[in-house]
Amino acid sequence: MEQTQLVELLKSLSPDESTNFSQFIKLSQFNSSRYQQQVILLIETCLEHLKHTGPVNLTKETVYSCVFPGQEFVDGKLDKVMVEAQKVLRTFLIVGRYLREENQFQHQLDLAEEFRNRRLQNRYEQTEMKLQKSLEDAPESYERFYHQYQFEYLKYDLETIHNKGKGDLNIPNAIYALESFYYNYKLLLLNQYQLQQKIAHLSVPERLQQLIDDHFIPAIYLDGSRLLYTQKEIFELLKKSAPAPAEVRQFFNLLQENQHNFSEKCLSDFYAFLRNLCVLAVSANYENMDMAYLLHEIHKDNLERGFMHSENKISRSKYMAIANNALFIGKFDWAYAFIEKYKDELHEENETRDVYRLNLANYLFRSGKFEQCLDSIPDSSPSMLYALFGKRLELKSLYELKSDLLSYKLDAFKMFLSRTSKKIMSDAQRQAHIDFANLLYQLYSSPPGNPIRAELLTKRVLEKKQSAEYHWLLQKAQSLK
C-alpha cells in the first residue's frame, strides 16, 4: 500500500496537517459516502502507522483487519474505501489551499458573488467597497493586476445582468484591467525565457523570436504601472548579448527609487534579475570588477532582506554564486564566514554535506591552500554542475601543486567529457570544458620563462573566452613569461 496515492499523500502531510485531517474526516459534509466510518478507520490506521520511524509495513490484509474487524478478507472491498478516502483527502488539500491567508482577496470576491446571487444588495455593495479599498492599498504585484481584472469583470457581470441600456457596463475598465494584466504576465514570461536562453544557450523558435523583436506596449499602460515599466527595462536589457555596466547601475537605481511601490515578492524577483544582469556583465568582461563589487553589495543586501531564502532555506546555486563572487573580488574572510554561517540552511543538502564541502574547497583553493582543497572536494556531487566544478577544482589544484597526477587526471577528464551524454550536458557546456581541458594541457606542457610560448598561449586563451575557468587560464598563461 506504500505506493498508493493515498499513502503517498498522507506521508506528505505535516504533523499539524495530519492532526487537522483526523478531524476533517469526521465532518459529514466532506465524508458523506456509505463508507463513512470505514474511511475514518482507514485514515486513522494509516496515520498511526506513519507516525513510526523506519520502513512502513502497510499490507492490505493488515489494514483490512482494522477497517473491517472480524470480517474475512474480500479482495476489492478495501479498494472502494480507499477511493472514498482519496476523495476526502483531496478535498482537504484543496480546501486548505483555498483558505490560505494569501487568498483573502479571492475569499472576498467569492463572497461578493454569493451576496449578489442571494440578492443581498447591501452586503454585496459593502464587500465591493472592501475589495476596492484592498486594491487601492496593495503594492504593485502580478497578483494585484489579476485581482483588478477579476474585480472589474465582477462589476461588468453585474451590470450586464441589470442592463437597462444605459452606461458602458464597466467594459472600458474591464478591458484596461485585462490588458494591464496581460502585458505584465507576458513580459514576466518573456523576461524569464530570455534569461533562460542565455543560461542554457537555447535555440529560440522563430515565432517566439518574432514576438520578442516586435514586442510593443502602449504608453497608456506603461504610464499607469511602475511594475510594467520596470519589467520593460529588464526586457530591453535582456535583448542585448550582454548589458553595459552603466545600464545595470541605472536599473539598480531604478529599483532603489521604486522599491516601496512593489510587493516583497516582485521586489525579490526584480533583484534576482538584477543579480543575473550583473553576472552577464561580468561574464562578458572579467576585467569589469566594478560589476562584481556591485553584485557583492547586492548579495549582502538581499541576504539581509531574506530575498536569497525560500522557506528559511537557501538554494545550492545561490549559496555557490554568493561565495564564488565574494572570492572572485578577494573578499576571502567574508566568503569563509558566509560559507560557515549558512551551511546548515542549505536546501536539499545530503548527509555527507557535499555542497558545503565543495564551496569550502573553492575557498581553500582561492586562498592558496591547494592540498587542503583537494582533501575537501567531495567524491560525489548532487548534480552535473557541481561535479564539473569539483573536477575543475581538482585539476587546477594539481596544476598549482605541479603534481605528476595532473596528466593522468586530465586524460580521465577528457574521457569523461567524450562519454557524457548530451542529455546531461549541453553542447555549449561540453565545448567550454573541452576548451578548458585542452588549454590546461598546453599550460601543463609549457615550462615557465618562455615569453614566446607565454604570448602564444595567452593569445589562444583570449580566443576561447567562453572556456570554463577562462579568467584563471588567462592568468596562468600570462604568468609563464
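Within the 3.5 Å criterion, the main-chain N or O of Lys476 finds a donor-acceptor partner in the side chain of Ser479. The backbone N or O of Arg316 lies less than 3.5 Å from a partner atom in the side chain of Tyr386, making a donor-acceptor pair. Of the possible donor and acceptor atoms, one in the side chain of Lys198 sits under 3.5 Å from a partner among the backbone N and O of Leu238. Remark: side-chain polar atoms of Ser65 are paired, donor with acceptor, to backbone N or O of Thr62 under 3.5 angstrom. With hydrogens and angles ignored, the 3.5 Å screen pairs a side-chain donor or acceptor of Asn191 with a backbone N or O of Gln231.
A salt bridge links Asp79 with Lys60; the closest basic N to acidic carboxylate O contact falls under 4.0 Å. Salt bridge present: Lys51 and Glu48 bring a charged side-chain N and a carboxylate O closer than 4.0 Å. In summary, Glu140 and Arg226 do not engage in a salt bridge, as defined by a charged side-chain N under 4.0 Å from a carboxylate O.
No donor-acceptor contact under 3.5 angstrom links the side chains of Gln250 and Glu233, judged on distance only. A donor-acceptor contact under 3.5 angstrom links the side chains of Gln259 and Arg305, judged on distance only.
No side-chain heavy atom of Leu295 sits less than 4.5 Å from a side-chain heavy atom of Val282. At least one side-chain heavy atom of Ile217 sits less than 4.5 Å from a side-chain heavy atom of Leu187. Proximity of Phe436 to Phe413: side-chain heavy atoms (C-beta onward) are separated by under 4.5 Å at one or more points. Taking the side chain as every heavy atom from C-beta outward, Leu277 and Lys240 never approach each other to under 4.5 Å. Asn261 is not listed as a side-chain neighbour of Pro139, based on a closest heavy-atom distance of 4.5 Å or more. Proximity of Tyr64 to Thr59: side-chain heavy atoms (C-beta onward) are nowhere separated by under 4.5 Å. Counting only heavy atoms from C-beta outward, the side chains of His433 and Glu469 never approach each other to under 4.5 Å. The shortest distance between side-chain heavy atoms of Leu237 and Val248 does not fall below 4.5 Å.
In this structure, Arg392 forms no cation-pi arrangement with Phe389, as its terminal cationic atom is not both closer than 6.0 Å to the ring centre and no more than 45° off the ring axis. Within the cation-pi definition used here (under 6.0 Å to the ring centroid, within 45° of the axis), Lys414 qualifies as a partner of Tyr441. Both the sub-6.0 Å distance and the 45° axial angle are not jointly satisfied by Lys464 relative to the ring of Tyr470.
Environment of CD in Glu345: crowded, with over 12 heavy atoms of neighbouring residues, nucleotides or ligands closer than 6.0 Å. Counting non-hydrogen atoms of other residues, nucleotides and ligands closer than 6.0 Å to CG of Asp213 gives a total above 12. Counting non-hydrogen atoms of neighbouring residues, nucleotides and ligands closer than 6.0 angstrom, the OH atom of Tyr185 exceeds 12 such neighbours. When the shell of 6.0 Å around CZ of Phe92 is examined, it contains more than 12 heavy atoms from other residues, nucleotides or ligands. No more than 12 heavy-atom neighbours from other residues, nucleotides or ligands sit within 6.0 angstrom of OH on Tyr146.
Between Trp472 and Tyr399, the ring-plane angle classifies as perpendicular under the 30° and 60° cut-offs. In this pair, Phe262 and Phe270 present their aromatic rings perpendicular. The plane angle is above 60°, beyond the 30 to 60° band. The aromatic rings of Trp334 and Phe338 lie parallel to each other, with less than 30° between the two planes, well short of the 60° mark. Using a 30° and 60° split on the angle between ring planes, His471 and Phe328 fall in the perpendicular class, above 60°.
Taking the ring centroids of Tyr342 and Tyr319, they lie at or beyond the 6.0 Å cut-off.
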Step-by-step salt bridge (Lys or Arg N to Asp or Glu O under 4.0 Å) determination, Lys391 to Glu394: CA-CA 5 Å; Lys391 289 181 182 295; Glu394 180 185 40; 5.8 Å; no
Evaluate side-chain hydrogen bond (donor to acceptor under 3.5 Å, both in side chains) for Asp435 paired with Gln431, printing each intermediate quantity in order. CA-CA 6 Å; Asp435 290 341; Gln431 189 58 53; 2.9 Å; yes
Using salt bridge (Lys or Arg N to Asp or Glu O under 4.0 Å), reason through Glu463 and Arg460 one step at a time and then give a plain yes or no. CA-CA 5 Å; Glu463 291 172 351; Arg460 288 177 180 173; over 6 Å; no
Got a list of side-chain donor-acceptor pairs under 3.5 Å for residues 374-381, not counting sequence neighbours?
| residue | atom | partner | partner atom | Å |
| --- | --- | --- | --- | --- |
| Ser376 | OG | Arg357 | O | 3.0 |
| Ser380 | OG | Asp354 | OD2 | 3.1 |

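Atom CD of Gln5 sits about 5.5 Å away from atom CZ of Arg90, to the nearest 0.5 Å.
Checked options Lys343, Gln372, Glu340; the residue passing with Leu360 is Glu340 (criterion: side-chain contact (heavy atoms from CB on, under 4.5 Å)).
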